[in-house]
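All values reported here derive from a predicted model rather than from experimental measurement. Values below: all heavy atoms of this structure, side chains included; hydrogens, waters and symmetry mates excluded.
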Amino acid sequence: MPEVTLSITPIEASPGNYKVEISGSGFEFAANKEARWKLMGDDPVSDEEIIDARGGGVVGPDGTFNFTGNAKGENLNEDWGKDEIYAIISIVGLGTTFDYESNRVTGHY
């Protein structure tokens, strides 16, 4: 079963900025295929796409990936309170696009 994990940590040398890491395993079926990621804010009414950060890369031959990016706290502050952020990984090149969600990370960004 594919698994995606998101972590968001402060960048000490740059207050208000965060390192975003997305890792995945169990994607052997998508080895050497393109994976794109974006961040989403989990809201009761409608989840919203976070404009930055996003990225992509290739799933490794062993079915794993590890992507990193930087995000500003103002972008992660998706509801002006306790924020719930998750990543969506889209695997392309399999005839159709498949999306996988990560865990939710909560914080006050």
Q: Sorted by first residue and then second, give each side-chain hydrogen bond (donor to acceptor under 3.5 Å, both in side chains) pair with at least one member in residues 5-14; sequence neighbours left out.
A: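 Pairs touching residues 5-14 that pass the test: S14-N17.
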Q: Examine distances only and state if a side-chain atom of N75 and a backbone atom of A71 form a donor-acceptor pair shorter than 3.5 Å.
A: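 Answer holds: no.
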Q: Report the distance from atom OG of S90 to atom NZ of K33, rounding to the nearest 0.5 Å.
A: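 One finds 15.5 Å between OG of S90 and NZ of K33.
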Residues that, via side-chain heavy atoms closer than 4.5 angstrom, fall in one hydrophobic cluster with [X]:
X: V58; answer: none
X: M1; answer: none
X: I8; answer: V4, L6, Y18, V20, I22, F27, F29, W37, L39, I50, V59, F65, F67, L76, I85, I89, I91, L94, F98, Y100, V105, Y109

**Q.** Inter- and intrachain pairs under salt bridge (charged side-chain N to carboxylate O under 4.0 Å, His left out), touching residues 94-109, at least two apart
**A.**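 Of all non-adjacent pairs touching residues 94-109, those that pass salt bridge (charged side-chain N to carboxylate O under 4.0 Å, His left out) are D42-R104, E101-R104.
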Q: Sequence neighbours left out, what pairs pass salt bridge (charged side-chain N to carboxylate O under 4.0 Å, His left out) with at least one residue falling in residues 48-70?
A: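 Pairs touching residues 48-70 that pass the test: K38-E49, E49-R54.
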[X]: side-chain hydrogen bond (donor to acceptor under 3.5 Å, both in side chains) partners, not counting sequence neighbours:
X: N103; answer: none
X: E3; answer: none
X: T68; answer: none

Q.
Which residues pass the salt bridge (Lys or Arg N to Asp or Glu O under 4.0 Å) test with E34, not counting sequence neighbours?
A.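 E34 satisfies salt bridge (Lys or Arg N to Asp or Glu O under 4.0 Å) with R36 once adjacent residues are dropped.
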Q) Under 6.0 Å from the CD1 atom of I11, do we count more than 12 heavy atoms belonging to anything else shown? A)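 Atom CD1 in I11 is packed in, count exceeds 12.
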Q: Might you point out which heavy atoms bring P61 and A31 nearest each other, and give the distance in Å?
A: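 Looking at all heavy atoms of both residues, the shortest contact is O-CB, 3.8 Å.
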